[in-house]
Novice: 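Before we start, here is the structure in question, set down as structure tokens.
We name chains A, B, ... by the order of the sequence lines, and we start the count at 1 in each one. Quick note: numbers below take in every heavy atom, side chains included, and nothing from hydrogens, waters or symmetry partners.
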There are 2 protein chains.
Amino acid sequence: MMAQGVRPDLLAALEDRGHRLTSPRRRVIDHLSEKLEGFSAEQVHEELPDVGRATIYRTIKLLVEAGVVCKLALPNGSPKYSLARFEHHHHTFCIRCGNVGEFRAATIERIIRALGTDIPGEILGHRIEFYICCEQCLEREEA
Amino acid sequence: MMAQGVRPDLLAALEDRGHRLTSPRRRVIDHLSEKLEGFSAEQVHEELPDVGRATIYRTIKLLVEAGVVCKLALPNGSPKYSLARFEHHHHTFCIRCGNVGEFRAATIERIIRALGTDIPGEILGHRIEFYICCEQCLEREEA
DNA sequence: CTCATTGCAAATGGTTTGCATTGGG
DNA sequence: CCCAATGCAAACCATTTGCAATGAG
């Protein structure tokens, strides 16, 4: 796993909204910047034991509000988060290892717009999730 | 709201799986049978005060496992449930009143199958949710 | 200097569980 | 009769909040 430095959009998310760049927040952002996969709030707390639990939850919430981190509600278990890579996208969730991925598909958006007639009321947003067995887990299975 | 009697599929869901048709369970099923819209477990508990909270949660869980009730995880707030009306379907969630609806769209399924190539790994399932302002709320707004 | 932010610990809230009692088959 | 199911209360667990202390700008 290669370090790529702090993600500038995470820092900007706080600065642009007038939040202070305190050292606990910087620690959280530095840590999340390395994340290539989905994570839970509690997991981040375990990985950064000397940042207060409340601060971790509060910082993640700020990042979600700013749109640079996505919150994924799962049918069971606590919510998973992931760094937003694309402007608008959907998620994949590996039911084996729990990793959250991201994908964008213009096709889907077009269909969904056409689908408006099937839906009673005004469509304000949508969410699409794919439950998958990811490539790594498939490989692991073959081995 | 017109009573339509107990939904036979809810009763069958318990019988077929070897669960007893006790009177608390029958109370829950009778009550849910009248539900035209989404509900939360806690809401059912309020509406049936003399059925133990634990029994309500346990019964709903049985019905979800049997596939006759759907569990809808929302990005915030507790899960909502709804009676399953179609074999395979997706949900609409009104962000004003919180009502959960159901719709089926064969088109979507076809597209999704074609989309497999965009997704790394094996697709095992999917979920689509629409966040809407439902017709009732739109009307209410106009008034 | 001042006020946003922190960190702890306590509170919260929905859900689950342990266990003695009950009642369906 | 017997074991599954109940109901209460306590336990759980992730998340939130109150509040005094702290530190960024």
Side-chain angles (χ1 to χ4, degrees), chain A residues 6 10-32 38-66 69-82 93 98 100, chain B residues 6 10-32 38-66 69-82 93 98 100:
Chain A
V6 188
L10 299 192
L11 288 172
L14 294 191
E15 282 175 347
D16 294 355
R17 303 187 137 222
H19 299 296
R20 288 186 184 168
L21 266 162
T22 62
S23 88
R25 280 180 182 163
R26 215 182 301 250
R27 304 265 313 279
V28 173
I29 287 178
D30 283 5
H31 186 74
L32 294 190
F39 52 88
S40 67
E42 207 53 27
Q43 179 186 337
V44 176
H45 175 239
E46 281 162 23
E47 292 160 354
L48 295 175
D50 44 333
V51 176
R53 174 186 270 102
T55 300
I56 291 189
Y57 278 94
R58 289 190 271 234
T59 304
I60 292 177
K61 180 177 282 185
L62 288 178
L63 296 172
V64 170
E65 282 164 5
V69 163
C70 315
K71 184 176 185 175
L72 176 61
L74 299 169
N76 32 257
S78 40
K80 283 259 191 299
Y81 300 91
S82 67
F93 177 74
V100 177
Chain B
V6 188
L10 300 192
L11 288 171
L14 294 190
E15 282 174 347
D16 295 354
R17 305 188 135 224
H19 300 294
R20 289 186 183 168
L21 268 162
T22 62
S23 89
R25 281 181 182 163
R26 215 182 301 248
R27 305 264 314 281
V28 173
I29 287 177
D30 282 6
H31 187 74
L32 294 189
F39 51 89
S40 67
E42 208 53 28
Q43 179 186 337
V44 176
H45 174 238
E46 281 162 23
E47 291 160 356
L48 295 175
D50 45 332
V51 176
R53 173 187 271 103
T55 300
I56 292 191
Y57 279 94
R58 289 190 271 235
T59 304
I60 292 177
K61 180 178 281 187
L62 288 178
L63 296 172
V64 170
E65 282 163 4
V69 163
C70 314
K71 184 175 187 176
L72 176 61
L74 299 170
N76 34 258
S78 40
K80 283 260 189 302
Y81 300 90
S82 67
F93 177 75
V100 177

Novice: Tell me which donor-acceptor pairs under 3.5 Å the side chains of residues 57-64 of chain B have, and how far apart each pair is, sequence neighbours excluded?
Specialist:
from	atom 1	to	atom 2	distance (Å)
B/Tyr57	OH	B/Glu42	OE1	2.6
B/Thr59	OG1	B/Thr55	O	2.7

Novice: Give the rounded distance in Å between these two atoms: CZ of B/Arg27 and P of C/dG24.
Specialist: 13 Å

Novice: Side-chain contact, heavy-atom cut-off 4.5 Å: A/Leu10 with A/Val6?
Specialist: no

Novice: Rounding to an integer number of Å, can you tell me how far B/Leu62 CG sits from C/dT15 C1'?
Specialist: 15 Å

Novice: Would you check if A/His31 and A/Val51 make a side-chain contact, meaning some heavy-atom pair closer than 4.5 Å?
Specialist: no

Novice: Nearest to the side chain of B/His19 - D/dA5, C/dG7, C/dG14?
Specialist: D/dA5

Novice: Estimate the overall bend of the helix from C/dC1-D/dG25 to C/dG25-D/dC1 from the end axes over five pairs each, rounded to 10 degrees.
Specialist: 30°

Novice: Closest-nucleotide mapping onto DNA chain C: is B/Arg58 or B/Ser78 further toward the 5' terminus? I mean the 5' end.
Specialist: B/Ser78

Novice: Expressed in angstrom and rounded to an integer, what is the separation of A/Leu21 atom CG from C/dT6 atom C1'?
Specialist: 15 Å

Novice: How close or far is atom P of D/dC12 from atom CZ of B/Arg53, stated in whole angstroms?
Specialist: 18 Å

Novice: I want to confirm an ordering. Mapping B/Ser23 and B/Ala41 to their closest nucleotides on DNA chain C, which one lands closer to the 5' end?
Specialist: B/Ala41

Novice: Output the rounded distance in Å from CG (B/Asp50) to P (D/dC8).
Specialist: 9 Å

Novice: Looking at B/Lys61, does any N or O in its side chain come under 4.0 Å of the phosphate oxygens OP1/OP2 on C/dT16?
Specialist: yes

Novice: What nucleotide, of D/dG7, C/dT15, C/dG23, holds the atom closest to the side chain of B/Tyr57?
Specialist: C/dT15

Novice: When you measure from the side chain of A/Arg25, which nucleotide among C/dG25, C/dT5, D/dT6 comes out closest?
Specialist: C/dT5

Novice: Quick check: closest heavy atoms across A/Gly98 and A/Lys80, and the distance to 0.1 Å?
Specialist: O-CE, 3.6 Å

Novice: Whole Å only: how far is the CD1 atom of B/Ile60 from the P atom of D/dT6?
Specialist: 13 Å

Novice: Just compare D/dT6, C/dG7, C/dG25 and give me whichever is closest to any side-chain atom of A/Val51.
Specialist: C/dG7

Novice: Quick one: pull up CG in A/Leu11 and CD1 in A/Ile29 and give me the separation to the nearest 0.5 Å.
Specialist: 5.0 Å

Novice: Measuring from atom CD of B/Glu47 to atom CG of B/Leu32, what distance do you get when rounded to the nearest 0.5 angstrom?
Specialist: 9.0 Å

Novice: Among C/dT5, C/dA9, D/dT6, which nucleotide sits nearest the side chain of A/Arg20?
Specialist: C/dT5

Novice: On the nucleotide C/dA4, are OP1 or OP2 found under 4.0 Å from the side-chain N or O atoms that A/Thr22 carries?
Specialist: no

Novice: May I have the distance from A/Ile29 (atom CD1) to C/dT5 (atom C1'), rounded to whole angstrom?
Specialist: 14 Å

Novice: Could you grab the distance from atom OH of B/Tyr81 to atom SG of B/Cys70, nearest 0.5 Å is fine?
Specialist: 11.5 Å

Novice: Any idea which heavy atoms bring A/Leu14 and A/Arg20 closest together, and the distance?
Specialist: CD1-O, 4.5 Å

Novice: What integer distance in Å separates A/Ile56:CD1 from D/dC13:P?
Specialist: 19 Å

Novice: Nearest to the A/Pro79 side chain among D/dT17, D/dT15, C/dG25, which nucleotide is it?
Specialist: D/dT15

